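Let me begin by presenting the structure, written as structure tokens, before commenting on it.
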Amino acid sequence: MAEPGHLAQLSALTTTVITCLILITPTPAAASGASCVASERDALAAFRASLLDPAGRLATWSGHSCCRWRGVHCDGSTGHVVKLDLRNDLTVHSDTDWILFYEVRVDIDSSWVHSALALRNTGEMISSLAALHHLRYLDLSWNNFNDSSIPLFMADLKNLRGCKLESAISTMSHFNLTRLEVLDLSVNKFNASIQQKWLWDHKGIKELYLTEGHWFGSIPDAFGNMSALQVMDLGHNNLMGTIPTTLQHLCDLQVVSLYDNYIDGDATEFMERLPRCSWNKLREMDLHSTNLSGELPVWIGKLSSLDFVDLSHNTLTGELPVGFGALRNMIYLNLGWNNFTGQISEEHFSSLLNLKYLYLSGNSFKQMVFEEDWIPPFRLKVAHLRSCRLGPKFPSWLKWQTEIRVLDVSGTCISDSLPVWFKTVFSQAYSLNLSDNQLCGTLPRTPEDMLAMVMDLGSNNLTGQVPRFPVNITYFDLSNNSLSGPLPSDLGAPRLEELRLYSNYITGTIPAYFCQLRRLVSLYLSSNHLTGEFPQCSDNYKALPPDDLDPFFSPYFGAAYLSNNSLTGPFPQFLENTTYLRFLDLSHNIFSGKLPTWIAKRIPYSRFLRLQSNMFSGHIPEELTNSFGLHYLDLANNNISGIIPQSLAGMKAMRRTTPDGNRGDVYEGSISSFTKSQELHYTFSNYNLVVLLDLSGNSLTGQIPEEISLLLGLKSLNLSGNHLGGKIPNTIGDLKGLESLDLSRNRLSGEIPSSLSELTSFSWLNLSYNNLSGRIPSGHQLQTLNDQEYIYIGNPGLCGPPLRKNCAMRGRHDEVDDVSDDLAVLYLGMSIGLCDNIFVQVACKLGNKSSVTGPKNNT
């Protein structure tokens with residue numbers, strides 16, 4: 001989606017430049033080498049001395065001929081300085097620059113950020129420029145003047161016609177410049193009411209730019225007093241309410257820009273308040289994101305000079321007036337993200353000969369009805385038609401759009417193959433989005449000849465093999481198709497930053513070429529039939545020149561999704577060189593071997609680590625506790641043994657009870673998490689809400705460490721399917737945010753801690769098949785859980801609700817058993833005593849008899 005206000009600003013800038021050219025006579029003095037007035041040269045030199053110039057923009061400011069200094073323009077006959085232009089601007093001047101910067105998000109030149117002039121000392125700008133009495137145009141925009149106020153010396157510049165202080169000051173101060181015609185105070189932090197009476201007294205102002213100035217309040221009636229006003233730019237502020245009726249006096253009004261304010265009214269009523277006397281002059285109308293509602297007026301075609309209209313991101317309804325088709329000057333038309341209905345036909349575009357930018361995405365149009373042989377009168381550069389019903393056939397009228405640079409026809413119900421002219425017509429396009437359709441057939445054989453930087457063909461029915469990529473491609477999405485066969489050995493895309501090939505039928509191994517993708521940030525190869533090991537990228541280092549400091553990927557490589565394949569080998573060694581990796585998913589493969597101890601040290605910024613359903617073995621590395629950002633750790637269903645290290649409780653991200661934010665992560669798409677006995681999906685915008693520890697399905701032994709209760713941020717804890725023994729920690733109730741707990745299929749014993757009943761966020765609990773005993777704790781949250789009896793099944797020693805086993809009966813049986821045991825001991829003691837007594841008596845009798853008879857005499 002474009003930045004709708006920027007083209008308007010670009011056009012407004014053009015208006016300003018034209019005005020300035022009219023206001024200021026060209027300077028033959030500079031061309032002839034004539035020297036400027038000495039006092040004015042001294043004033044400029046003093047101003048230069050008060051500034052810091054990190055980029056050397058004022059390096060030419062030396063010598064006597066100040067008319068040759070950069071940004072200084074002199075009158076050809078008098079030598080007086082009439083124009084001072086020190087603007088520090090973006091290099092977005094052509095249509096191509098604009099499309100690349102705002103549509104494709106290419107940073108065409110960021111040097112301007114570091115080239116701003118700044119005050120050498122804190123405080124206000126020095127007043128030396130007040131000596132420039134003949135100055136007619138001053139531009140100090142986009143420099144760093146320490147949030148100073150409008151310079152007081154401005155009041156002395158009586159001849160000033162144009163003043164541009166865009167993003168240069170922050171404080172308002174009154175000044176009276178009766179001849180001022182152009183005033184630009186945009187992108188400053190005034191935080192003030194728009195009711196500035198002194199401003200509206202400047203009745204000669206023709207162009208007023210107050211964009212993004214943190215103004216608030218309602219637009220004053222006094223605006224109608226500025227009878228010469230041609231440009232009214234108040235966009236991106238905190239203004240409320242519609243425009244006043246007094247604007248009917250502004251008969252020269254050409255530009256109305258109020259985007260990103262809260263007009264909150266009916267669109268027809270708003271447009272009826274525009275001065276009727278300027279209907280044939282009004283060129284630009286930017287009202288996007290203003291909460292406009294209702295239908296557009298049927299007479300909109302009477303605004304015959306309109307060349308820029310942006311009404312996007314409102315709640316406009318009804319059918320599109322066919323009057324748009326009469327606006328033959330229209331260049332930019334943005335009606336996206338509203339609630340328009342009905343059909344769009346050729347009549348809506350009948351006279352739009354100059355249309356270059358068309359945005360209709362995000363509406364509810366029933367159909368775009370065009371004849372098969374319709375030849376549009378326009379040649380578009382940008383077309384956003386997402387969710388418009390263009391299908392089922394691929395729109396034939398697009399073959400005439402040979403100048404297209406950005407095309408979005410995603411989700412438009414196209415059920416067709418790519419036409420034979422596809423590659424030829426769109427060969428010069430920078431961005432192509434045809435996702436979420438039912439495109440079939442194969443891709444063009446040699447798309448590497450195309451200039452596309454962004455190409456999205458995801459979620460279609462495309463078949464065949466993955467071809468070589470366009471040479472300039474940075475983002476390529478072929479996910480959710482039916483592509484098969486191996487990947488090309490050479491993708492031919494050295495600038496590739498994000499690749500999405502997940503959910504296809506791609507076979508073979510991952511080519512070694514991936515090791516040469518120095519700009520790669522995100523890699524999605526999940527849910528294919530890939531086999532073998534990931535390339536040993538370290539083997540490629542030897543082939544690199546000695547001064548190559550970037551041997552693998554981008555230093556900001558942040559996401560690798562390789563799940564649901566048949567990849568083998570040890571933990572991929574190349575990851576040791578991906579310092580800024582955030583997301584790693586190797587789940588459902590056949591990786592094996594021990595987990596490396598360097599994970600936390602070499603990937604310190606990892607947040608999401610899922611290694612489940614592989615064949616990893618060995619112990620859990622204690623070094624994982626050094627992963628300060630890791631809040632999602634899934635090692636489930638491997639062959640990991642040993643104990644749960646106590647130091648695991650030191651993971652800082654799992655100890656925080658509030659999310660730490662995404663820290664600038666800009667990855668698109670979603671991640672899935674199997675918890676609460678179901679698979680849940682999270683977007684990357686809210687993935688930080690998932691704090692999970694899953695060690696289930698391994699061979700862990702020992703006890704659950706008490707320290708695990710220190711992970712206060714945990715939402716899901718799964719230790720099921722291990723050989724854990726001992727008791728459940730009594731402090732488990734400290735995990736107040738816990739939503740899912742699974743300790744099933746272990747050898748846990750003892751009672752269930754009563755603190756579990758204090759967990760108010762619980763929605764899933766499984767303690768089945770252990771050796772737990774005693775009364776089951778009661779609590780409101782525990783009673784709301786589903787499958788109550790299943791939670792505790794396989795623990796014969798448990799009693800109480802929801803089980804049918806009554807703890808009171810169990811107690812009486814225990815008492816009876818205890819009495820029986822005591823009686824048994826008593827009877828046994830009595831029996832032993834009786835036996836001893838009988839034995840003694842028998843022994844005594846035998847002894848007495850022996851002593852009486854004596855030994856038998858054998859002689």
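The structure displayed is predicted, hence computed values, not measured ones. Counting begins at 1 with the first residue of the sequence.
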Check for a donor-acceptor pair, side chain of [X] on one end and backbone N or O of [Y] on the other, with a separation under 3.5 Å.
X      : Y      : result
Ser361 : His384 : yes
Ser627 : Pro604 : no
Ser526 : Ser563 : yes
His529 : Gly508 : no
Arg602 : Glu576 : yes
Asn354 : Lys356 : no
Asn363 : Phe365 : no
Asn638 : Leu611 : yes
Asn565 : Leu530 : yes
Asn577 : Leu575 : no

Inset, instruction - Could you please spell out the steps behind the side chain to side chain contact (heavy atoms under 4.5 Å, CB included) verdict for Tyr475 and Glu497? - result: CA-CA 6 Å; Tyr475 175 99; Glu497 297 176 7; over 6 Å; no
How many angstroms lie between atom [atom1] of [X] and atom [atom2] of [Y], to the nearest 0.5 angstrom?
X      : Y      : atom1 : atom2 : answer
Arg405 : Phe426 : CZ    : CZ    : 11.5 Å
Leu692 : Leu717 : CG    : CG    : 8.5 Å
Asn291 : Asp260 : CG    : CG    : 11.5 Å
Gln573 : Gln536 : CD    : CD    : 6.5 Å
Tyr632 : Lys715 : OH    : NZ    : 15.0 Å
Ser387 : Trp337 : OG    : CH2   : 6.0 Å

Going by distance alone, is a donor N or O of one side chain under 3.5 Å from an acceptor N or O of the other, for [X] and [Y]?
X      : Y      : value
Asn472 : Arg495 : yes
Ser587 : Asp634 : no
Thr412 : Asn437 : yes

Inset, instruction - Please assess Asn334 against Phe308 for the test side chain to side chain contact (heavy atoms under 4.5 Å, CB included), listing each intermediate value before the final yes or no. - result: CA-CA 8 Å; Asn334 192 341; Phe308 181 102; over 6 Å; no
Considering all heavy atoms, the nearest [X]-[Y] contact:
X      : Y      : result
Asn338 : Leu316 : OD1-N, 3.0 Å
Thr290 : Asn314 : N-OD1, 3.0 Å
Ile404 : Val425 : CG2-O, 4.5 Å
Ile506 : Asn528 : N-OD1, 3.1 Å
Gly492 : Asp490 : N-OD1, 2.9 Å
Pro470 : Phe476 : CD-CE2, 4.3 Å

Does the ring center of [X] lie less than 6.0 Å from the ring center of [Y]?
X      : Y      : value
Tyr332 : Tyr359 : yes
Phe534 : Phe574 : yes
Phe349 : Trp397 : no
Tyr259 : His288 : yes

Identify every side-chain donor-acceptor pair in residues 366-376 under 3.5 Å, counting partners at least two apart or on other chains, and give the distances.
| from | atom 1 | to | atom 2 | distance (Å) |
| --- | --- | --- | --- | --- |
| Gln367 | NE2 | Arg389 | O | 3.1 |
| Gln367 | NE2 | Gly391 | O | 3.0 |

Non-hydrogen side-chain atoms of [X] and [Y] separated by less than 4.5 Å:
X      : Y      : answer
Leu457 : Met455 : yes
Thr531 : Ile590 : no
Leu418 : Pro444 : yes
Leu562 : Leu567 : yes
Tyr505 : Leu483 : no
Cys440 : Asp416 : no
Leu432 : Val406 : no
Glu498 : Val521 : no

Inset, instruction - Return yes when atom CD of Glu347 has more than 12 non-hydrogen atoms of other residues, nucleotides or ligands closer than 6.0 Å, and no otherwise. - result: no
Inset, instruction - Could you tell me whether Arg445 atom CZ has more than 12 heavy atoms of other residues or ligands within 6.0 Å of it? - result: no
Inset, instruction - Could you tell me whether Asp585 and Arg610 have a side-chain N and a carboxylate O separated by less than 4.0 Å? - result: yes
Legend entry - Worked verdict on Asn480 versus Tyr502 for side chain to side chain contact (heavy atoms under 4.5 Å, CB included): CA-CA 6 Å; Asn480 287 305; Tyr502 63 87; 3.5 Å; yes
Legend entry - Full working for side chain to side chain contact (heavy atoms under 4.5 Å, CB included) between Leu360 and Ile344: CA-CA 10 Å; Leu360 297 176; Ile344 295 180; 3.7 Å; yes
